[in-house]
Amino acid sequence: MKKILEHQVPFPVDAESDNFTAALASALVIARGYTEETSYWCTQNRCYCIHCSPCGDNLSERHQTSIYHCLLTASTLAFGFDYPWDDTVDPHSLPGFSNGWRWDDNFVDELARFAGFSYLRFDGTSAQEEVLSTMKCSLDAGFPTLLRLENEMAWILAVGYDADTVYGLDSQFHALPDNWHSMLRDAIVITDNTAPDMSYKELLERIVSALSYDEHTALESVIMDALDHVTMENAMDTAGMMCGICSVPIEARWHAAEAFIGVDNLLCNICTNKEIHSRLSDVFFAQYTKDGNGETHGIGWQIWSALGVGPETGYDITPQSADLILQKKTQDTLKRLYAKMFENDRAVCAEIRDCLEQL
């Protein structure tokens, strides 16, 4: 027998640095039956897509990105300064994650409750016949499987089979090696769509917990102290630290804002109070993405600029970055910009807390 799922969206799409979330977003496009004909709410134009620009030529990608916005937000990964699978960071800036973390069951359970899907999970000790037969049953029913193979940080989707050959999807569609099971670390087999089981209140409480986490708050002092003690010997390391800390929030807070600004997405679907959601949409937009408003997304670009970092450097530091950070002017600029970034998080957290009192 042969089965290849339709409406595949290779990933990552656009600015998607979290490989697991990108894989799950592409999986849910298929599982939930999104197609080019499914209406898509455009946050930029505040209306459903009318195909006014090239982005409307591939609505499956736009739906995948919308799901990614919401998954990253519901998981709280949108509110840290690092990703928890990065073992070079200790301590992490989000609660519930420690070094060596690898997508634990509680993490996946919460996303399943939020997005509405059931699943079975296997690891490398599971019998090949059991994993393959379970995957095939789900594929026959229209549901893909998330796989983590030899590269333990990279997830791919199983989106089809032909006899015992399994077809995968990441940035492209391809056949998996015949010995894929010998490389298996993790398999999350989506088995069905379910009703979402995370309340809007619980979602907001999770975000408050992330934004008010002790290590999140303490990081501001760590940054300021590092900038007060830049030397010739540590300039390159300090520049790398400042660049690295910026790289997650510049992207992740944008995803969070897009999730809340949306009108028709997974996050909006669990909203029970439209007035409160409107308030939160306003504060997320103002603090994270509104141009010229001291918003976090724009601040991130200013931090990179102060370090001489940008697309021309691959968003990484250069020897010039060390020279720049030795200058008092650069140090003061970075202090001001990072202070504003933390201020934006506090403003969002305060507004959510105020809304929670009314729920």
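Throughout, residue positions are numbered sequentially from 1 according to the sequence presented.
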Closer than 3.5 angstrom, by distance alone: can the side chain of Thr65 be matched with the main-chain N or O of Glu61 as a donor-acceptor pair? yes

Residue set satisfying side-chain hydrogen bond (donor to acceptor under 3.5 Å, both in side chains) with Asp123, at least two apart, ordered chain then number -> Thr125

Looking only at heavy atoms, which two atoms of Asn344 and Gly294 are closest? And how far apart? ND2-O, 3.0 Å

What residues form a ring-ring contact (aromatic ring centres under 6.0 Å, His included) with Phe143, not counting sequence neighbours? none

Is the backbone N or O of Ala163 less than 3.5 Å from a side-chain atom of Lys136, with the two atoms forming a donor-acceptor pair by type? yes

Keeping to residues at least two apart or across chains, list the salt bridge (charged side-chain N to carboxylate O under 4.0 Å, His left out) pairs with something in residues 305-317. none

Would you list the pairs meeting ring pair (Phe, Tyr, Trp, His ring centres under 6.0 Å) in which at least one residue belongs to residues 317-356, sequence neighbours left out? Phe81-Phe342, His216-Phe342

N/O donor-acceptor pairs under 3.5 Å from side chains in residues 10-19, not counting sequence neighbours:
unit_1	atom_1	unit_2	atom_2	d
Asp14	OD2	Arg62	NH2	2.6
Glu16	OE1	Val13	N	2.9
Glu16	OE1	Gln64	NE2	3.2
Ser17	OG	Glu251	OE1	2.8
Ser17	OG	Glu251	OE2	3.2
Asp18	OD1	Trp85	NE1	3.2
Asp18	OD2	Thr21	OG1	2.3
Asn19	OD1	Trp155	N	2.4

Is the backbone N or O of His69 less than 3.5 Å from a side-chain atom of Thr73, with the two atoms forming a donor-acceptor pair by type? yes

State whether the side chain of Ser305 and the backbone N or O of Trp301 hold a donor-acceptor pair below 3.5 Å, judged by distance alone. no

Could you tell me which non-hydrogen atom of Thr165 sits nearest to which non-hydrogen atom of Ala175, and how far apart they are? CG2-CB, 4.2 Å

Which pairs count as salt bridge (charged side-chain N to carboxylate O under 4.0 Å, His left out) when at least one residue sits in residues 173-192, sequence neighbours excluded? Arg121-Asp186, Arg148-Asp186, Glu152-Arg185

Does some side-chain heavy atom of Leu59 sit less than 4.5 Å from a side-chain heavy atom of Thr38? no

Just wondering, more than 12 heavy atoms not from Lys335 lying within 6.0 Å of its NZ? yes

Out of curiosity, Gln302 CD to Met341 CE, how far, rounded to the nearest 0.5 Å? 9.5 Å

Quick check: closest heavy atoms across Leu157 and Ala27, and the distance to 0.1 Å? CD1-N, 3.6 Å

Residue from Ile190, Val159, Val9 passing side chain to side chain contact (heavy atoms under 4.5 Å, CB included) with Ile30: Val159

Of all the heavy-atom pairs spanning Leu77 and Leu94, show the shortest one and how long it is. CA-CD1, 3.9 Å

Rounding to 0.5 Å, atoms OG (Ser66) and CG (Leu71) come to a distance of 9.5 Å

Any chance CD of Gln44 has more than 12 other-residue heavy atoms, nucleotides or ligands included, within less than 6.0 Å? no

Is a side-chain N or O of Ser138 found less than 3.5 angstrom from the main chain of Met135, in a donor-acceptor match? no

Do any N or O atoms from the side chain of Ser26 and from the backbone of Ala23 form a donor-acceptor pair under 3.5 angstrom? no

If only atom types and distance count, is the side chain of Ser93 paired as donor or acceptor with the main-chain N or O of Gly80 below 3.5 Å? no

For the atom pair CD (Gln172) and NE2 (His174), what is the distance rounded to the nearest 0.5 Å? 6.0 Å

Side-chain touch Phe107/Leu111, heavy atoms, less than 4.5 angstrom: yes

Residue pairs passing the ring pair (Phe, Tyr, Trp, His ring centres under 6.0 Å) test where at least one lies in residues 116-139, sequence neighbours excluded: none

Could you tell me whether a side-chain N or O of Gln331 sits under 3.5 Å from a main-chain N or O of Ile325, the two making a donor and an acceptor? yes

Side chain Glu295, main chain Gly298, donor-acceptor under 3.5 Å: yes

Quick one: side chains of residues 280-291, donor-acceptor pairs under 3.5 Å with protein atoms, not counting sequence neighbours, listed by atom name and distance.
unit_1	atom_1	unit_2	atom_2	d
Ser281	OG	Phe260	O	2.6
Ser281	OG	His277	O	2.9
Tyr288	OH	Asp345	OD1	2.7

Euclidean distance, Glu202 CD relative to Glu110 CD, rounded to 0.5 Å: 7.0 Å

Is there a donor-acceptor pair under 3.5 Å between the side chain of Asn265 and the backbone N or O of Leu267? yes

Indicate the ring-plane relationship of Phe173 and Tyr167, choosing parallel, tilted or perpendicular according to the 30° and 60° boundaries. parallel

Mind jotting down which residue pairs meet the salt bridge (charged side-chain N to carboxylate O under 4.0 Å, His left out) criterion with at least one end in residues 28-37? Sequence neighbours excluded, please. none

With Asn99, which residues qualify under side-chain hydrogen bond (donor to acceptor under 3.5 Å, both in side chains), at least two apart? His92

Pairs in or reaching into residues 70-97: which pass salt bridge (charged side-chain N to carboxylate O under 4.0 Å, His left out), with residues at least two apart or in two chains? Asp87-Arg102

What is the distance from atom CG of Leu5 to atom OH of Tyr161, rounded to the nearest 0.5 Å? 9.5 Å

For Thr145, side-chain hydrogen bond (donor to acceptor under 3.5 Å, both in side chains) partners two or more places apart: none

Before accepting this row, confirm whether a basic side-chain N of the pair Lys328/Asp332 lies closer than 4.0 Å to the acidic partner's carboxylate O. yes

